[in-house]
Number of protein chains: 2
Amino acid sequence: MNQRNILSFETLRVACKNCSVGALCLPLGLEPEEVGRLEDIVKRARPLQRGDFLFRDGDRFRSLYVVKTGSVKSYAPSAEGGEQVLGFHLPGEIIGLDAIDKDAHACSAKALETSALCEIPFPRLEELSTVIPSLQRQMYRLLSKEISNETDMLLLLGKKSAEERLATFVLNMSKRLQQRGLSPTDFHLSMSRHEIGNYLGLAVETVSRLFTRYQDDGLMVVDRKHIQLIDLDALESLSNGSGPTRQQQRN
Amino acid sequence: MNQRNILSFETLRVACKNCSVGALCLPLGLEPEEVGRLEDIVKRARPLQRGDFLFRDGDRFRSLYVVKTGSVKSYAPSAEGGEQVLGFHLPGEIIGLDAIDKDAHACSAKALETSALCEIPFPRLEELSTVIPSLQRQMYRLLSKEISNETDMLLLLGKKSAEERLATFVLNMSKRLQQRGLSPTDFHLSMSRHEIGNYLGLAVETVSRLFTRYQDDGLMVVDRKHIQLIDLDALESLSNGSGPTRQQQRN
DNA sequence: GGCAACCTTTGATCTGGATCAAGTCAAAGT
DNA sequence: ACTTTGACTTGATCCAGATCAAAGGTTGCC
């Protein structure tokens, strides 16, 4: 059964070439030969179960991680035992970029559901990126995109009302799922209302009430964690404050 | 007057070697010879007057900028004509990292006072960083640090009270000024109350009232834009919510 | 199956900070 | 000196969303 051996060998190493999220991830813009060299350093991490940690705040930084399937949340400890959810990570998204500078993780990452990940030892990635310019370019892009994403969150937290925040969140999920070839109008949220609220700077109760209101207004159908978006245009205008009679704030 | 010619030649090009902010900027970790190659691509930008734009939102991304003297604010347009201040940039800090991915600026940058800057054409920097590994490393660090900084802001905007926010802001300025060899307890704020409030997600009036309260409580002396910090420890505990009888929030 | 822990919803109330509304003050021009 | 202008302060009021309270619903575990 030589055939079988080859197969099992193949499944032990990562195959970015065939990975469904390759186009969103590090291989973007690389030549096939270069992707091969990337595959050589990427490790397949043991799958995580819901609640398992990928790393914890304070851990030494060793690797970046890419979600292959499932989803992960990251969160930072805030004063007095509270925590701030920093993001929800979907397949193809890279986790850990904030730890490069300090060489230690300042936040924790935990699986929201059973999830598969790739582990990329950072020193080897850094080394490889010195010899593959397009990999370096992609790294710069990914780091920069992370900054842009956080900038968007600053705007959300600094300026948007509760109603705008949740609409923005739902649409953001919708767009990211669509990029991954999933339905942009019918999906499952793997995080709790509490986690959504925490992420958006809102109380759980506010999130719950807003979902109810959106549903009453015919913008979406909400059944527990299952969401169906009905009126994307209305959500879009809600999300940037151009909803019915809305005036800008002064600050 | 040969002497004079040499001098004027020297002032035309950038001299990172002698730059007072070099240790915070790109040259950190480079060999002298490598710093020289960096100097070759860095341009001295024409000084900006208060109110001048470094770039505007929508501009094509060409260069990163480093503040040499003065200060710059960056801000993004928010819905309905409002704006969100994203940061205040002091000497040694790099501006524009968020634009790498989209190849366009999503925010504007404007001088808060007369300011000198270095301009670093990004394509040339990218190229140089493929041949100087320690420059690449420093770029990764700087990008990562930018992410960490924004993460801190997410926590501030998501979880902190007005009182905590302003204390955090004042201490953050203090620490950054100290790193630049300036007094951490006696300084001038180049931005207006309005801009501080916008940055922190607060109304101008709230900022003003808090400064008054801090002063009444003997934490600092505030005279217009001049700030003297008196009780750093008290400010520190205020800034992370461990002030007098403070309970954590639930969300 | 049945209990326990947790998540979500819904209603009532409370409050931190926004908004509204006058001033006050300093720098710059006339 | 006197007005203008814009930034800052201070007081009064208001409100979005937090907090408190109390049910239901789910899920998982023994």
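Keep in mind that this is a model prediction, so the values were computed, not measured. In what follows, chains are A, B, ... by sequence order, proteins preceding strands, each numbered from 1.
Rounding to whole angstrom units, CZ of residue Phe211(A) and P of dG17(D) are separated by 15 Å. In this structure, the CG atom of Leu157(A) is 15 Å from the C1' atom of dG17(D), given to the nearest Å. Atom CG in Asp223(A) sits about 13 Å away from atom P in dG25(D), given to the nearest Å. Atom-to-atom, OH of Tyr214(B) to P of dT10(D) comes out at 15 Å; the value is rounded to the nearest Å. Leu202(A) places its CG atom 16 Å from the C1' atom of dT8(C), with the value rounded to the nearest Å. Protein atom CD of Gln215(A) is 9 Å distant from nucleotide atom P of dT9(C), rounded to whole Å. What separates CG of Leu166(A) from C1' of dT9(C) is a distance of 15 Å, to the nearest Å. Look at CZ on Arg224(A): it is 11 Å from C1' on dT9(C), rounded to the nearest Å.
Of the charged side-chain nitrogens involved, none lies within less than 4.0 Å of a carboxylate oxygen, so that Glu119(B) and Arg44(B) do not count as a salt-bridged pair. Residues Glu195(A) and Lys225(A) are not paired through a salt bridge, judged by the lack of any N-O separation under 4.0 Å between the basic side chain and the carboxylate.
Here the side chain of Arg50(A) pairs no donor or acceptor atom with the backbone of Thr114(A) at under 3.5 angstrom.
For dC8(D), one of the phosphate oxygens OP1 or OP2 lies less than 4.0 angstrom from a side-chain nitrogen or oxygen of Lys225(B). For the pair Ser161(B) and dG16(C), the criterion of a side-chain N or O lying under 4.0 Å from OP1 or OP2 is not met. Close to dA18(D), at under 4.0 Å from its OP1 or OP2, lies a side-chain N or O of Thr206(A).
Side-chain to base pairing of Arg209(B) with dG16(C): no donor and acceptor N or O lie closer than 3.5 Å to each other. Counting atom types as modelled, Arg213(A) pairs no side-chain N or O with a base atom of dT10(C) as donor and acceptor under 3.5 Å. The base of dG17(C) does not come close enough to the side chain of Arg165(B) for any donor and acceptor atom to sit less than 3.5 Å apart. In the interface, the side chain of Arg193(A) is not paired with the base of dT26(D) through any donor and acceptor atom under 3.5 Å apart.
Closest to the Ala203(B) side chain, of the nucleotides dA18(C), dC8(D), dT9(C), is dA18(C). Candidate nucleotides dA21(C), dT10(C), dT8(C) were compared by shortest atom distance to the side chain of Glu205(B), and dA21(C) ranks first. With distances taken from any side-chain atom of Thr212(B) to the nucleotides dA12(C), dT8(C), dT9(D), the minimum falls on dT9(D). If you check dC7(C), dT19(C), dT9(C) against the side chain of Ser192(A), the one that comes closest is dC7(C).
In terms of heavy-atom proximity, Cys118(B) sits nearest to Lys68(B) at SG-CD, 3.5 Å.
For the pair Met191(B) and Ala162(A), both in contact range of DNA chain D, the more 5′-proximal nearest nucleotide belongs to Met191(B).
Looking at Thr151(A) and Leu86(B), their side chains come closer than 4.5 Å, going by heavy atoms from C-beta outward.
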